[in-house]
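Order of the sequence lines fixes the chain letters, A, B, ..., with proteins taken first and strands second; residue numbering starts at 1 for each chain. Hydrogens, waters and symmetry mates play no part in the numbers below; they use all other heavy atoms, side chains included.
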Number of protein chains: 2
Amino acid sequence: MQPFRSFYNSEAQMIRGGFPQPFISRTYKTSFLKKRSNAEIKVVAAKKHSEAEKRRRMRINGQYETLRTILPNLIKHGELDCVMNQQKDKASVLAETIKQVKELKRKVSKLEQDSCGNSSKDVVKFPSGADRLNLERCNDEEGVVKATLSCEESLGLMSAISRAVGSVKTKVVKAEIVSVGGRNRSVLWVKGLGKDRMGMLKSSLKIAMHKPAFKMRRSTH
Amino acid sequence: MQPFRSFYNSEAQMIRGGFPQPFISRTYKTSFLKKRSNAEIKVVAAKKHSEAEKRRRMRINGQYETLRTILPNLIKHGELDCVMNQQKDKASVLAETIKQVKELKRKVSKLEQDSCGNSSKDVVKFPSGADRLNLERCNDEEGVVKATLSCEESLGLMSAISRAVGSVKTKVVKAEIVSVGGRNRSVLWVKGLGKDRMGMLKSSLKIAMHKPAFKMRRSTH
DNA sequence: TTAGACACGTGACCC
DNA sequence: TGGGTCACGTGTCTA
């Protein structure tokens, strides 16, 4: 079954049964036993080694397998070709992977460029139906907090928001305001806001959002 | 140097120098020579085999190498971590590849869904700065062509577009029109347009886009 | 018969 | 020093 003909195997075999027992002196016996145990240690080490190597191979092959499942490079060759269900070889799997990664990257950059750059520049979100208020530190710019709010549009909403921002002694460096169907969505980029005053700004904005003021309606009849 | 102790090698060696020449009979000699040549054939075959295997390994490793170059999984571990320039092992390269392929796929499907299709409900693209005109078959709906155009806003642009669509005897089943800062971005979903008339529609729209008409400006002073 | 692909056990090397 | 990774040559299977 096993075509395994290792150096250690044969040596161990030879040592195990190859000597005439009666003529072994004490010292020889000692060295023999020592050698024998050395050999056996080697055999054990070799086994361990080969098992570790097997595990490594299995790990790698497992990755190939999942790679095969997530990429459309398996089976099928032509159109109404035979149903050759056999999988491609490793090199081809890798080649196909490389091809697809490149293709995906190209696609992503095209799509990203298509919707042009950092989406907030030329993609505008409509106000959400439910009232919302969210403050978060901006990833792109150090020390900038991005405040996003959706609420009912009202006369004086803008000045209320303005006052709220002014009350925490900060500066709005950029804003994005969308007003649709009586709803408002505003995004404010606020600079110079200490961590301790984020809560203050949040509550100020909350008040501004819900300040009782008469609502704007599309028709005035 | 070579720890290579192959079956073929040792057999060949043994056969080459292991027999007392004087006692070899003619028939024995023939069979001996035959065996010797057989052994040598085997040695040559083994060499060929191992060389082929080496080529295969090189092919695979080459793919690993290119994979390493196109993926940002090489070097760098933490933040200001040591500069460990050593490359990751094969299993990790594959694992990282799988991760990134999944991530890229996710990204693409998100961007694709984002840019057209159903999420146009709550995301609107602004007109591009440069004039653009693009016609493509819609993936989601059979027989529908999606025409996207960005151009300078002008009085009469809409009626010009309307005429262009009418000229190829088709129907607009859906439209998305955004007008910002004197620029216009319109997306038209056109039904019942034969393949032969896509070019016609395209040139009609091109004319409509660039029709000399007085521009709309925000201020009228 | 020949070539290609794979798994295997092993020696070398590196922390 | 042991655990992990790699390249190697080989046996085996398949087309």
Under-4.0 Å side-chain N/O to phosphate OP1/OP2 contact, Lys90(B) with dC6(D): no
Separation of atom CD in Glu51(A) from atom P in dA7(C), rounded to whole Å: 18 Å
Salt bridge (charged side-chain N to carboxylate O under 4.0 Å, His left out) partners for Arg55(A), two or more places apart: none
Whole angstrom value for the distance that separates P of dG4(D) from NZ of Lys48(A): 10 Å
Euclidean distance, atom CG of residue Asp89(B) to atom P of dG3(D) [Å, nearest integer]: 18 Å
Close approaches to DNA chain C from residues 53-62 of chain A, in residue order (heavy atom, under 4.0 Å): Glu53(A), Lys54(A), Arg57(A), Asn61(A)
Ala91(A): side-chain contact (heavy atoms from CB on, under 4.5 Å) partners, not counting sequence neighbours: Asp89(A), Arg59(B), Ile60(B)
Donor/acceptor link under 3.5 angstrom from His49(A) side chain onto base of dG3(D): no
Residues forming a side-chain contact (heavy atoms from CB on, under 4.5 Å) with Lys48(A), sequence neighbours excluded: none
Spacing of Lys47(A) atom NZ relative to dG11(C) atom C1', expressed in whole Å: 19 Å
Residues forming a side-chain contact (heavy atoms from CB on, under 4.5 Å) with Lys47(B), sequence neighbours excluded: Glu51(B)
Set of residues satisfying salt bridge (charged side-chain N to carboxylate O under 4.0 Å, His left out) with respect to Lys99(B), sequence neighbours excluded: Glu96(B)
Between dG4(D) (C1') and Lys88(B) (NZ): distance, integer Å: 16 Å
Cys151(A): which of Leu133(A), Ile161(A), Asp131(A) passes side-chain contact (heavy atoms from CB on, under 4.5 Å): Asp131(A)
